[in-house]
Every structure is written in C-alpha cells, then in structure tokens.
Amino acid sequence: MFNHSRRNLARWFTLSMGSILVVFAGVIYYFEIKDKLDVLDRLLYDRTRVMAASVQYEWRQGHKQVDLSHVPLLGSGSHPLDKNLVYVRWYNPQGQSIRFFGTPPPQQLNVSPGFLTIKSVDPLLEDELWLRQVTLPVEGRHGILGYLQVAMPLAETQNSLSQFQVVLTLAVPVALGSIGLTGWLLGGAAMQPIRQSYHQLQRFTADASHELRSPLSAILTNAQVALMIAADDLQYHQPLENIIDSAKSMGTLVNNLLLLARQQGQILPQSLKLLNLNNLLENLASQYLERAMSQSISLTYELSEQPIELWADPDLLRQAVENLLDNACKYTPASGTVQLRLVPHPSWAVIQVIDTGIGIPEADLPYIFDRFYRVDTERAQDSGGFGLGLAIARQIVQAHNGQIHVVSTVGKGSNFQVELPIKPRSMA
Ligand code: ADP
C-alpha cells in the first residue's frame with residue numbers, strides 16, 4: 001500500500017517535472033534557433049548592403065543607367081565578401097532578372113523583399129541545400145534601381161543547432177532520471193510520517209481488540225451462567241439472551257478487527273504451506289451444506305479434476321473463502337442457489353462463489369471491499385454484519401498477491417471471483 005502510494009507520488013512528480021523540463025528545453029531550443037538566425041540575418045544583411053552600396057547609376061537621355069561593374073561577384077573582379085555566398089542576383093525595378101552569380105535565377109522575381117529560408121539543390125553535389133536568402137530593394141535618388149538577392153548556406157547554423165540538439169537529447173533523459181530518483185526519495189520521505197501513524201493506529205486497534213476480548217468473554221460466560229441459574233425464571237430469559245447475542249456479535253467484531261490489524265496485508269514466510277485447494281474447498285462446502293439446507297438454499301460445488309496446489313496460509317485462505325460463502329448464504333433467500341467453483345487456469349487458481357441472491361447495486365460495487373461499508377442499513381441490519389467480511393477477504397487475497405472481483409446484478413445474484421497466483425514458494 002505504502003509502496004504503491006510512493007510509486008504514484010514519484011510517477012506524478014516525474015511526470016509534472018518532466019513535462020516542465022521538456023517544455024523548458026523546447027523553449028530554449030526555440031530561442032537558440034531564433035538567436036542563430038538573427039546572427040546569420042545580420043551578417044547577410046550587412047554583406048548585401050555593402051553590395052548595394054557599390055551599385056552606381058547615371059541619367060542618360062532621361063533614363064536611369066545602372067552600373068553593376070563594381071558590385072562584388074556581379075561586376076568584374078572579386079572581393080573578400082565573395083566567400084560563402086551561394087548566389088547573388090540583380091533584378092531590375094520590374095523584377096526581371098538582369099545579372100547573377102551562382103545558381104541561375106528565375107526570370108521574374110517571385111518573392112517580396114525580406115528574409116526567407118529556402119530549400120535548393122546544390123548544382124555540384126546535386127544535394128539538397130538549405131539557404132537563408134535576403135531580397136533587398138536598392139534605392140537611388142530617383143526611386144528604386146533594382147533588387148539585390150543574396151543567399152548563404154544554412155549548413156553551419158544547422159550544424160551548431162544539431163550539436164545543441166544532441167546535448168539536449170542527452171541531457172533531458174539524464175535530468176528525467178534524476179527527477180525520477182528525487183521523486184522516489186521525496187515520496188519515501190513524505191510517506192514516512194504516514195507510515196508511522198498507520199502502524200501506530202494498527203497497533204492501537206490490535207491492542208484494543210486484544211484487551212477487549214477478555215472482558216467480552218467474561219460477559220458472555222457470566223450471561224450464559226446466569227441464564228442457566230435463571231432457567232426457571234422466564235422474565236430474565238430475554239434480557240440475558242440479548243446480552244449473550246450482543247457479546248457474541250461484539251466478539252466477532254473484535255476478532256475481525258484483530259485479524260485486520262495483525263495481518264496488515266503481509267504473510268510471514270513460515271506460515272506459508274503447500275495447500276491443496278480442492279481439499280480446502282471441498283471441506284468448506286461440506287461445512288456450509290448444513291447451514292444452506294437450514295435456509296432452504298441449494299449449495300453445490302464444482303472443483304477442477306486436476307488438484308490445484310499453491311503456497312498459502314491455510315487458515316487465512318479458509319477465512320477469506322468462508323467470508324464469501326457466509327455472505328452468499330446470508331444474502332440469498334430461500335430456494336436460491338449458492339455455487340462454489342474452482343476453475344483451472346495455467347497460472348492462476350480461480351475460486352468463484354456464485355449466488356442467486358439479492359445482488360448488489362452498481363453504485364455500491366466500488367466500495368463493498370472497504371472497511372465497515374454496508375450496502376444499505378436495512379438489509380445490513382438484517383444480516384447482522386459489520387461490513388468487515390469483504391475487507392478481510394480482500395486483504396487476505398492481496399497478501400497472497402491475488403485479486404478479488406465481483407460481478408453482481410440486483411435481484412439476480414452475485415459472482416465473487418478470487419484469483420491466486422500459482423507459483424513456487426520462493427516467489428510467494
Ligand atoms: P457484512 O458483514 O455486512 O456482510 P461484508 O464486508 O461481508 O459485510 O459485505 C459488505 C456488503 O456487501 C454487505 O453489507 C452486503 O450488503 C454486500 N454483500 C456482500 N456479499 C454479498 C452477496 N453475496 N450478495 C449481496 N450483497 C452482498
């Protein structure tokens with residue numbers, strides 16, 4: 001129970017912190033991309049502006065004559081700016097391609113001024129190439145002279161981003177692992193006081209139940225003796241029988257509480273025995289046969305032909321099945337049936353207690369295994385139970401690493417199914 005809660009705490013801690021971490025890593029990555037692109041754009045823009053500054057023009061017969069001969073790469077001669085540029089293109093004010101260096105341009109300028117990331121094909125390697133391109137309008141004193149379009153490869157930026165990605169991909173799982181470990185340790189520390197107070201409560205219940213047993217048996221014995229003494233005095237019979245009934249019922253409650261508190265969902269290895277389930281269930285069925293007959297209920301049992309053996313605490317397992325049979329008889333009216341079955345399964349021993357009784361409303365099903373839960377006070381009062389039978393059965397089954405389920409329909413009956421793992425003693 002505590003380990004389950006601790007695991008849950010650690011899982012939720014890791015999940016929430018992990019999500020924050022992943023989002024945080026994503027944001028950092030986004031800003032890194034933005035930052036790198038900004039640097040590249042500034043570089044590209046500076047180079048393009050230097051080129052634009054080399055564009056010259058003059059008026060000849062009322063027309064602008066643009067002179068590109070001093071523009072690096074487009075004109076004659078080279079320039080230190082040449083390096084690392086994939087292409088340089090010059091378009092006239094109408095957007096027609098006039099001159100270029102590098103990859104041939106489309107005839108007509110097809111993008112608006114600004115920065116753009118584009119995919120191109122390397123003419124030499126015939127490989128895909130990502131480029132950052134800028135299109136800049138070049139203005140003279142009398143209006144636009146043309147458009148300069150320059151592109152640089154994104155490879156370098158992509159490389160440093162991939163390196164950053166590798167760092168993030170390695171760092172995030174490591175951080176997640178540390179978060180998980182921290183969650184587990186914190187969960188353990190958080191569970192410590194709860195564990196302590198739970199154990200204190202269990203100890204108190206066990207001690208109190210134990211202490212109550214002696215006075216209760218004294219009350220019972222004295223009432224029984226008094227009933228014998230007052231055998232001829234009828235006026236004392238009813239009150240004394242009431243005392244006896246109440247003492248017996250209190251005794252059952254105290255014993256159940258003691259069982260729940262002592263057993264605490266764990267079984268001592270020395271109390272595990274190799275148990276023949278067929279024998280145990282046959283024995284239990286014959287024990288309940290008489291009671292069923294007295295209630296005009298037909299009790300049948302159906303056991304697997306192949307004997308099923310498992311390592312279990314025989315007394316506890318008997319108690320669990322007894323509680324189910326007891327309920328089946330309690331909540332099945334006369335002329336109904338109760339069936340006890342042992343179904344063979346390769347890795348589980350499946351015990352079923354099926355009745356045609358009053359059934360359990362769907363809304364109550366999730367709670368019936370809780371301590372002191374009774375479906376409705378009216379029928380619970382009739383049954384005289386305390387709502388501990390199923391809680392005990394579940395605790396015992398879970399202590400054997402098994403599961404207990406119920407399927408029930410009001411007015412039709414219930415089917416309680418216990419599944420116990422069949423495995424070697426060392427694993428039990
Ligand atoms: P109780 O001692 O009250 O029977 P349990 O823990 O054994 O307590 O059962 C819890 C509640 O589940 C009961 O009050 C009863 O209403 C319901 N219940 C259990 N078994 C059956 C059954 N076979 N048929 C109908 N109702 C059942």
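When a ligand or atom number is given, it counts from 1 through the structure's own listing order. Because the structure is a prediction, the values reported are computed rather than measured.
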Enumerate the atoms of ligand 1 whose separation from the nearest heavy atom of [X] is less than 4.0 angstrom.
X: Tyr373; answer: 10 (C), 11 (C)
X: Leu388; answer: 6 (O), 8 (O)
X: Leu390; answer: 5 (P), 6 (O), 7 (O), 9 (O), 10 (C), 12 (O), 19 (C)
X: Gly389; answer: 5 (P), 6 (O), 7 (O)
X: Lys330; answer: 1 (P), 2 (O), 4 (O)

I'd like to know if [X] contacts ligand 1, where contact means a heavy-atom distance under 4.0 Å to any ligand atom.
X: Phe416; value: yes
X: Gly357; value: no
X: Asn323; value: no

Original post:
Do the ring planes of Phe416 and Phe369 sit parallel (below 30°), tilted (30 to 60°) or perpendicular (above 60°)?
Top reply: perpendicular

**OP:** Determine, for Arg132 against Asp41, whether the closest basic-nitrogen to carboxylate-oxygen distance falls under 4.0 angstrom.
**Re:** yes

**OP:** Before accepting this row, confirm whether a basic side-chain N of the pair Asp364/Arg374 lies closer than 4.0 Å to the acidic partner's carboxylate O.
**Re:**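 No.
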
Original post:
Do any pairs count as a side-chain hydrogen bond (donor to acceptor under 3.5 Å, both in side chains) and have a residue in residues 171-188, sequence neighbours left out, and if so which ones?
Top reply: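 Qualifying pairs, neighbours excluded: none.
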
Original post:
Got an N/O contact under 3.5 Å between Gly387 and ligand 1?
Top reply: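 Yes - when backbone and side-chain N and O of Gly387 are compared with those of ligand 1, one distance drops under 3.5 Å.
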
Original post:
Is there a nitrogen or oxygen of Arg374 sitting under 3.5 Å from a nitrogen or oxygen of ligand 1?
Top reply: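 The answer is no, given that Arg374 and ligand 1 share no N or O pair closer than 3.5 Å.
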
Original post:
If you take all heavy atoms of Tyr288 and Leu325, which pair is closest and at what distance?
Top reply: CD1-CD1, 3.9 Å

Subject >> For Arg89 against Pro104, the heavy-atom pair lying closest together >> reply: NH2-O, 3.5 Å

Subject >> Separation between CD1 of Ile354 and OG1 of Thr337, rounded to the nearest 0.5 Å >> reply: 9.0 Å

Subject >> Asn283: partners by side-chain hydrogen bond (donor to acceptor under 3.5 Å, both in side chains), with sequence neighbours left out >> reply: Arg318

Subject >> Option of least heavy-atom distance to atom 16 (O) of ligand 1 (set: Leu324, Val375, Val338) >> reply: Val375

